[in-house]
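Here is how names work: the chains are called A, B, and so on, in the same order as the sequence lines, proteins then strands, and each is numbered from 1.
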Amino acid sequence: MARTSVSKAHAKIQELSWEPTFVTKDPKYKTDYTFKKGGQKDPMKQVLSSYFPMQEEKDHRVYGAIDGAIRGNMWRQVQPRWMEWQKLFLSIIPFPEISAARAMPLLTEAVPNPEIHNGLAFQMIDEVRHSTIQMNLKREYMRNYIDPAGFDITQKSFHNNYAGTIGRQFGEGFITGDALTACNIYLQVVAETAFTNTLFVAMPSEAAANGDYLLPTVFLSVQSDESRHMNNGYGTLLMSLADDDNKDLIERDLIYSLWNQHAVVDAAIGTIIDYGSKDRRKDRESYTEMWRRWYYDDYYRSYLVPLEKYGLKVPHDVIEDAWTRMTDGFYHHTVAQFFATGWMVNYWRIDPMTEEDFEWFEDKYPGWYDKFGKWWEHYSSLSEPNGHNPIAFENTGYVYPHRCWSCMVPCLIREDTVMDYVDGQWRTYCHKWCHWTDTVAFREEYKGRPTPSMGRMTGQREWETLYHGWDLAEAIKDLGYVRNDGETLVPQPHVIFDDNKMWKLDNVRGIEFQSPNVLLNEMSDEEREKHMEEYKQGFTINESL
Amino acid sequence: MSESRPITEAGGRGDRSIPKIVLTDAEAGAAAFVGSNSRSYNYFEPKKRRATKYEDVTVDVQPDPDRYLTQGWILGWANGDLGYDASWTRMKSSDWHRFRDPNEEWEQSIYINNSNSVRTVQSSIENAKSGNAFEFWNKSWIPIIAKHFSAWGHVDQGLGMYVFMPAQRTAMSNMHNNAISVNCMHKLRTAQDIMLYNMELMGIFGDEFDGEAHQEVWLNDPSWQGVRENVERLMNIQNPSGSSEWAEATFASNIVFEPLVGELFRSQFVMQFAPSHGDSVSPSVIGVSEREFNDRDLRYTMDMMKDFLEDETHGEENKQIMQEWLAEWVPYSIQAAKGLEPIWSESEVQPVSFEESFEQVKSRFEGILSELELRVPEEVTT
Ligand SMILES: [Fe+2]
Ligand SMILES: [Fe+2]
């Protein structure tokens, strides 16, 4: 903007809003929160005529870097271990991004404040930007990385894979149910303010350490839009805090959002960063160290806690419980072990861990080797097809887990598992907070007040149910995780690019796939109690196979 | 592969450490094995022989239980509505994922196109200022721009923020929703462009230009009440679940309102009247929006509607519903258009009569309907 200042311009465009009189405006999205009109100002004070050229300028840098990476053949120095996990990450992330765009009208309809609406419009198109720019990045990986299998089926596999639901609830959470729960607390206040740092800042630095400088270019450009979104969220949060009646609902939504996103984001990103890296310098931060810095210090202590003076009830115990799972519980390590156990129904490869990895893990997470070392040794020894089964069906001592009905990550910290009879069936939950989410939060009333706008959990929530009783080879074919010879699997428990070392359908035929939840519901009450008692005691990995 | 060769040891100055660069030989073609040549997204049918970049970054980002979403939507509403629910529109389709935005809008094109629009508007104003073009304005024209031209900003704000914004939440494919969201930004940007132009004119004409007059005009000037009613009714379009009826909203805005009212105001009034009052700037400012509607927003809407009309199973039924939409929305837009008639006689020079202008947009509207093979409602022909 040449001479007129942006803030003067921003004041001028406020003249565009008016109060309809020919119709009684019926908001298209509802909330159980209550608001007084007006209030919060948009602190970003932006106008579209300065926004578009500014973003175009950012794009020049992104597309310049992409051209450079292709011409300089960046993939000659990219770690396959890292690139393989991008088949998972980049299949997940464009959907939450586009969902964030779709979420904006929830607030423009439900929150009576035109100045905030203006900020939301910028965010809407930002999110279209993020989704398509990430799809494009993935397309370049598919075209330029040694093994494109898994990238080539990306959106299909994201939609039919067990890991897809873990990420999808993130996006679906933005766009369904109570407008304020979904778009303000779950998306803006928690996802964008807390978790984009781990997603879009920690991830790029790890990518760079693994020879991939394209991901940083794209994701730091994405992250540079986030402060706008955090401000949108903050403004709306202050508006809701102005009404005492909202305080219980805000607390409910914070518990749900903080816990659920810890469960899904830390599962996926913790694994990708710690297990997808070849960079084992001791002075590089582990995922948990980054979590402490970005989430605990920067978000929790510097953002959430200061809001207590406005009456925000911060669920300190939820954050402490998440931290305990991350540290004492070895949460994302149990997730990595689970991903690797189920490698044959993934659409990416998982590289075995080596001595050098073991040493790094033990240094960063004392006690790691005792819990996971032996199992990863078994994984290595079973990684090439030599007449044995995939590791899940060999006698390692590992017990295939139940799935959490709420967060859809399995119940991996066995002693935390909660089993309950809910809505006519036996369900399992990975933690008491996930049990609370299903049985208390996503219901028609909360603390005695009706909550008709609150969302509902739907769908086939246990993925294994879909393939209960199937032959594993048939299940993999049905999923479409087979390469273009019709025989070789997309996923492999190694990063060896040699036909003779790759697993084929024949190597996994004759194995029956089962659903723990179906089996649980078939048990007698006695059997079930006994089963759960044993499950919660955990397992011991056998010394030898 | 497994024996990677470090070309530098992990180094760094002082106590800084940097990761070592390792040659991994992990580029395309470094090894041939099953699947190593599978280098395109293979889960959708491209429109042409090869998928475009637009298709690659757009198709199937929004899942569908009828395609690959085997577990279904995992979150929904208390009334049973799912994440994306086909019942939100009365249109039916045997394949929601067939439609492609003919404008192929995605990240890069959105910013290039809108930035070009911004530059066109700004350079028209800057050029006019440096060429002293505003000195040639007929004095009687100044209040007309202050009142009526600026009032149009409200129309675009209403359509952008409260019609297209909610509509882009609800359609059944990512292709529909992305096209609608780009449409949303065109409207909002134009609304702001009109306000910022107003602010410039306040600086240029001082007290002669009442910068806030548009608000009163929009809310109370009888000429504008039909337009405002039409826009407010569009803002309130809902399906039985209470969310946006996205197809009806897009149809009623882009097939009915824009051709009958939008083009009447932009092309027939501003573009015809401004030059005879010495104003070459306002037509350039509004021309950007007119082109966006014509070249882009109408274009995708026509393709979207044709896709419904040509559906083998549901085409006939969809056509009946569109006729019902015409019956409902054409009267509001005709009323809105006719309501504007007084402003045709407000200015000193009248290069064209309202009747002539209205005939133009009516025949244009009839052309659009005949391309869609829809019947022209009586209100238009009589
Ligand atoms: Fe985003
Ligand atoms: Fe859980």
Side-chain angles (χ1 to χ4, degrees), chain A residues 9 12-13 16 20 22-23 28 47-49 52-53 55-56 59 73 75-80 94 98 102 105 108 117 121 125 128-129 132-133 135-136 139 142-144 146 148-149 152-153 155-156 159-160 165 169 172 176 209 279 281 283 455-456 458-460 466 483-485 488 497 499, chain B residues 1 10 17 19 21 23-24 26-28 30-31 33-35 38-39 41-43 56-57 60-61 63 68-78 83 106-108 111 114-115 118 153-154 157 161 165-166 169 178 181 185 188-189 191-192 195-196 199 215 229 232-233 236 238 242-244:
Chain A
K12 180 72 184 174
I13 62 172
L16 287 165
F22 288 99
V23 296
K28 296 181 197 69
V47 291
L48 289 166
S49 55
F52 282 115
Q55 297 292 85
E56 189 192 31
D59 274 359
N73 207 342
W75 287 269
R76 247 183 271 170
Q77 61 178 62
V78 150
Q79 289 293 349
I98 206 66
R102 309 303 178 228
T108 53
H117 299 176
I125 203 68
V128 176
R129 170 176 195 256
T132 52
I133 208 173
M135 286 297 288
N136 185 54
R139 186 172 176 268
M142 170 175 68
R143 289 150 72 105
N144 294 288
I146 187 167
D152 57 353
I153 53 172
Q155 292 312 107
K156 172 179 176 171
H159 297 164
N160 69 10
T165 52
Q169 68 191 283
E172 290 190 42
T176 51
D279 178 19
R281 286 169 301 143
D283 59 357
R456 291 291 181 276
T458 59
Q460 290 273 6
L466 303 176
R483 289 166 188 256
N484 50 16
D485 63 344
T488 310
F497 305 105
D499 286 337
Chain B
M1 221 9 271
S17 99
I21 296 164
L23 289 184
T24 56
E27 83 265 32
F33 52 92
V34 177
S38 180
R39 298 194 182 273
Y41 293 153
N42 61 22
Y43 44 85
D56 276 351
V57 302
D60 281 321
V61 171
Y68 309 119
L69 196 62
T70 46
Q71 287 180 264
W73 294 106
I74 53 184
L75 292 171
W77 278 270
W106 71 292
E107 130 81 9
Q108 208 176 10
Y111 291 96
N114 276 286
S115 297
V118 166
H154 297 275
Q157 177 77 3
M161 195 69 86
M165 170 76 87
R169 160 67 188 85
N178 275 4
S181 66
M185 294 321 283
L188 293 175
R189 204 209 63 246
Q192 297 190 3
M195 278 306 103
L196 300 185
M199 199 165 74
Q215 287 178 305
E229 176 172 3
E232 290 181 6
R233 288 187 183 277
N236 238 23
Q238 293 191 348
S243 52
S244 172

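Proximity of B:Tyr41 to A:Met142: side-chain heavy atoms (C-beta onward) are separated by under 4.5 Å at one or more points. Inter-residue side-chain proximity for A:Ile146 and B:Thr24 is flagged as unmet; no heavy-atom pair is nearer than 4.5 Å. Within the 4.5 Å cutoff, no side-chain heavy atoms of A:His159 are placed close to those of B:Tyr43. Side chains of A:Gln155 and B:Val61 form a contact here, defined as non-hydrogen atoms less than 4.5 Å apart. Contact annotation: the side chain of B:Leu188 approaches that of A:Leu48 to within less than 4.5 Å [non-hydrogen atoms, C-beta and beyond]. Annotation: side chain of B:Asn236 is not in contact with side chain of A:Phe22 (no heavy-atom distance under 4.5 Å). A:Asp59 places a side-chain heavy atom less than 4.5 Å from the side chain of B:Glu107.
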What verdict does the side chain to side chain contact (heavy atoms under 4.5 Å, CB included) test give for B:Met195 and A:Leu16, after you've listed the backbone C-alpha separation in whole Å, the side-chain angles of each residue and the deciding distance to 0.1 Å? CA-CA 8 Å; B:Met195 278 306 103; A:Leu16 287 165; 3.5 Å; yes
Evaluate A:Met135 against B:Trp106 for side chain to side chain contact (heavy atoms under 4.5 Å, CB included), listing each step before the verdict. CA-CA 10 Å; A:Met135 286 297 288; B:Trp106 71 292; over 6 Å; no
Report the C-alpha distance between A:Thr176 and B:Trp73 in whole Å, list the side-chain angles of each, state the deciding distance to 0.1 Å, and finish with yes or no for side chain to side chain contact (heavy atoms under 4.5 Å, CB included). CA-CA 10 Å; A:Thr176 51; B:Trp73 294 106; over 6 Å; no
Apply side chain to side chain contact (heavy atoms under 4.5 Å, CB included) to B:Tyr111 and A:Arg129, showing your working. CA-CA 9 Å; B:Tyr111 291 96; A:Arg129 170 176 195 256; 3.6 Å; yes
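With respect to chain A, the highest number of heavy-atom pairs below 4.5 Å among B:Gln192, B:Arg189, B:Gln215, B:Met161 belongs to B:Gln192. The choice from B:Gly242, B:Pro63, B:Gly35, B:Gly72 that makes the most heavy-atom pairs within less than 4.5 Å of chain A is B:Pro63.
With values rounded to the nearest 0.5 angstrom, A:Gln169 atom CD is found 7.0 Å from B:Leu75 atom CG. To the nearest 0.5 Å, the span separating OG on B:Ser181 from CZ on A:Arg102 amounts to 5.5 Å. Taking CG of B:Asn42 as the reference point, atom CG of A:Asn484 lies at 8.5 Å (rounded to 0.5 Å).
Only the side chain of A:Leu466 comes within contact range of chain B, with at least one heavy atom under 4.5 Å from a heavy atom of that chain. With a 4.5 angstrom heavy-atom cutoff, A:Ile13 touches chain B via backbone and side-chain atoms both. Only the side chain of A:Thr488 comes within less than 4.5 Å of a heavy atom of chain B; its backbone N, CA, C and O stay farther away. The part of A:Asn73 that comes within reach of chain B is its side chain, from C-beta onward, which places non-hydrogen atoms under 4.5 angstrom from that chain. The contact between B:Val118 and chain A is made entirely by side chain atoms (from C-beta outward), counting heavy-atom distances below 4.5 Å. B:Glu232 touches chain A through backbone and side chain together, each having a heavy atom under 4.5 Å away.
Here the closest heavy-atom approach between residue A:Ala209 and residue B:Pro19 is recorded as CA-CG, 3.7 Å. Closest non-hydrogen pair, B:Asp56 versus A:Arg139, comes out as OD2-NE, 2.6 Å. For the residue pair A:Pro105 and B:Pro166, the shortest heavy atom distance occurs at CB-CA, 3.5 Å. Considering all non-hydrogen atoms of both residues, B:Ile74 and A:Thr165 come closest at CD1-O, 3.7 Å. In plain terms, the two heavy atoms of B:Met165 and A:Ala121 that are nearest each other are CE-CA, 3.6 Å. Across all their heavy atoms, B:Ile21 and A:Gln77 have their closest contact at CG2-OE1, 4.1 Å.
With sequence neighbours left out, the salt bridge (Lys or Arg N to Asp or Glu O under 4.0 Å) criterion links A:Asp279 to A:Arg281.
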